[in-house]
There are 2 protein chains.
Amino acid sequence: MRRFRGESLHKVDVKGRVSIPAQFRRVLEEGDPDFKSGLNPSCVLVHNQKSKKCLEGYSISSINEVDDLVSRLPRYSRDREILERMLNAQSSYAQIDDNGRLVLSLKLRQRIEIESEAIFIGMGDKFQVWEPNAYRRDMEQIEYEFNLYDEKDNPFNLLQSKHSLDA
Amino acid sequence: MRRFRGESLHKVDVKGRVSIPAQFRRVLEEGDPDFKSGLNPSCVLVHNQKSKKCLEGYSISSINEVDDLVSRLPRYSRDREILERMLNAQSSYAQIDDNGRLVLSLKLRQRIEIESEAIFIGMGDKFQVWEPNAYRRDMEQIEYEFNLYDEKDNPFNLLQSKHSLDA
DNA sequence: AATCAGTTCCCGTATGAAACCTGCTTCGAT
DNA sequence: ATCGAAGCAGGTTTCATACGGGAACTGATT
C-alpha cells in the first residue's frame with residue numbers, strides 16, 4: 001500500500017477549496033474500496049483536539065482500521081465514548097471534486113486558523129493539514145524535542161524488528 | 001458500512017420537527033433492510049437514563065446488533081431485565097418524513113430540554129441528539145477527562161492492533 | 001354531530017454547497 | 001527551446017437541502 005509522503009503548499013480560495021497534492025490522490029484512490037477509475041475518491045477529515053492546530057486526513061481503508069479498533073472496546077464504556085467523540089464526532093467525510101480539490105468548511109478553517117494557504121504533510125497512513133506558519137513552529141518544536149534525547153534513549157531506538165528484540 | 005460522523009446543528013420548529021443531517025440519512029438508508037429508493041428509512045430513538053441529557057439514534061441494523069447481544073443473556077435474568085428496560089422500554093421507532101425530518105414528541109423534547117435547536121452528533125454506529133449548550137458542556141467534560149490521562153494511560157493507547165499487543 | 005388537539009402531507013422559498021467551465025502555471029519529454 | 005499533458009486556481013451556474021406556513025386528516029371527547 002502506497003503511503004502519504006512529503007510536504008506540499010496550496011492556495012485556499014474564498015470558498016475554502018484547496019487542491020490535494022497529486023501524489024496524495026493516488027493514495028486515497030488506492031485506499032477507497034468504492035473508488036473506480038473516472039470517479040473521485042473520498043476521505044475522512046478529523047479535527048481531534050482543540051489544542052492541536054491541524055486536521056488529519058485518512059483514506060477510507062485507513063480510517064476503517066481505526067474504527068475497527070474502537071469497535072472492539074465494550075459498547076457504552078467510557079473509553080469508547082471518549083474515542084467516538086474524538087474520532088467520529090470531531091470528523092467529517094470529504095468528497096474530492098473533479099479537479100482534485102476538497103472543501104474545508106468555514107468551521108474547519110477557523111479551527112486551524114487558515115486564511116489563504118494550507119500545507120499538506122504526509123504522515124504514512126494519514127496526512128495533516130496546517131496553516132503554514134503554525135506548521136513551521138510545530139516542526140521546530142519537534143526538532144527541539146528530538147535533540148533533547150541522548151544517544152541511548154531516542155525514538156529511533158524503538159525501531160527494532162521483532163527478531164532483534166527477541167535476541 | 002458508512003458511519004455516523006460529525007456534528008450538525010438544526011432548528012426544531014413548534015411542531016417538534018427537525019431535519020436529520022443529510023449524511024446521516026444515507027447511513028440510515030444503508031442500515032434499513034426494508035428501505036427502498038424513493039421511500040423513507042426509519043430509525044430507533046433511545047432515551048436511556050434520565051441523567052443522560054441526550055437521545056441516541058440507531059439505524060435498524062445497528063439496533064438489531066445491540067438487541068442480539070441482549071438476547072444472548074439468559075431469559076428472565078435480572079441483567080437482561082434491566083437491559084431490556086434501558087434499551088427497549090425507553091425507546092421508540094421514528095419515521096423520517098419526505099423532507100428528511102423526524103418529529104421529536106413533546107415528551108422527548110422535555111426529556112432533553114430542547115427548545116428551538118438541536119445538535120446531532122455522529123458516534124459511529126449510532127448518533128446522539130443534544131440541546132446545543134448541554135452538548136458543549138458535555139464535550140468540555142470529555143476533553144477535561146481526556147487531558148487528565150497521562151501519556152501511558154490514554155484511551156488512544158487501547159487502539160493497538162492485536163499483533164502489536166502480542167509482541 | 002361539533003369541537004379540538006395532535007399529526008401528517010404538501011407546498012414555497014432562501015441559502016449554501018456541489019457540479020461545471022475556463023484559463024493559467026508547472027513540469028516532463030522531445 | 002518547444003510542445004503537450006497534467007496540476008492548479010478562479011468564477012458561474014445548478015441543484016439539494018433546510019425550514020417554515022398552511023391545508024387536510026385523524027380520532028378522542030363531549
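Below, chains carry the letters A, B, ... as their sequence lines are ordered, and counting in each starts from 1. All values reported here derive from a predicted model rather than from experimental measurement.
Side-chain atoms of B:Arg5 never come within 3.5 Å of backbone atoms of A:Asn88 as a donor-acceptor pair (strictly under, hydrogens ignored). Within the 3.5 Å criterion, the main-chain N or O of A:Val12 finds no donor-acceptor partner in the side chain of A:Ser116.
In this model, a side-chain donor or acceptor of A:Arg101 finds a partner on the base of D:dG10 within 3.5 Å.
Relative to the side chain of A:Lys11, the nucleotides D:dG20, C:dA18, D:dG10 differ in distance, and D:dG10 lies closest. Nearest nucleotide to the side chain of B:Asp98, out of D:dG7, C:dC10, C:dC20: C:dC10.
Contact annotation for B:Asp97: no contact, since no heavy-atom pair falls under 4.0 Å across all strands.
Using a 4.0 Å cutoff on non-hydrogen atoms, the parts of residues 12-21 of chain B near DNA chain C are B:Lys15, B:Arg17, ordered by number.
C:dA18 atom P lies 12 Å from atom CG of A:Leu104, rounded to whole Å. Protein atom CD1 of B:Ile96 is 14 Å distant from nucleotide atom C1' of D:dT17, rounded to whole Å. Atom CD of A:Glu117 and atom P of D:dG10 are 10 Å apart (whole Å). We find that CD of A:Gln23 is positioned 10 Å from P of D:dG7, with the value rounded to whole Å. We find that CG of A:Leu108 is positioned 16 Å from C1' of C:dG16, with the value rounded to whole Å. D:dC8 atom P lies 12 Å from atom CG of A:Leu102, rounded to whole Å. Look at CG on B:Asn99: it is 17 Å from P on D:dG22, rounded to the nearest Å. Rounded to whole angstrom, the span from the CZ atom of B:Arg109 across to the P atom of C:dG6 amounts to 10 Å.
Between B:Phe120 and B:Phe24, the ring planes are perpendicular. Angles over 60° get that label, and only those under 30° would be called parallel.
Between A:Arg26 and D:dA6 there is no side-chain polar atom (N or O) within less than 4.0 angstrom of OP1 or OP2.
With respect to the salt-bridge test (charged N to carboxylate O, under 4.0 angstrom), the residues B:Lys53 and B:Glu131 do not qualify.
For the pair A:Arg85 and B:Phe146, the cation does not sit on the ring face, since its NZ or CZ is not both under 6.0 Å from the ring centre and inside 45° of the axis.
For residues 18-27 of chain A, every residue pair satisfying the side-chain hydrogen bond (donor to acceptor under 3.5 Å, both in side chains) rule, not counting sequence neighbours, is listed here: A:Arg26-A:Glu29.
Side-chain polar atoms of B:Gln128 and B:Tyr135 form no donor-acceptor pair below 3.5 angstrom.
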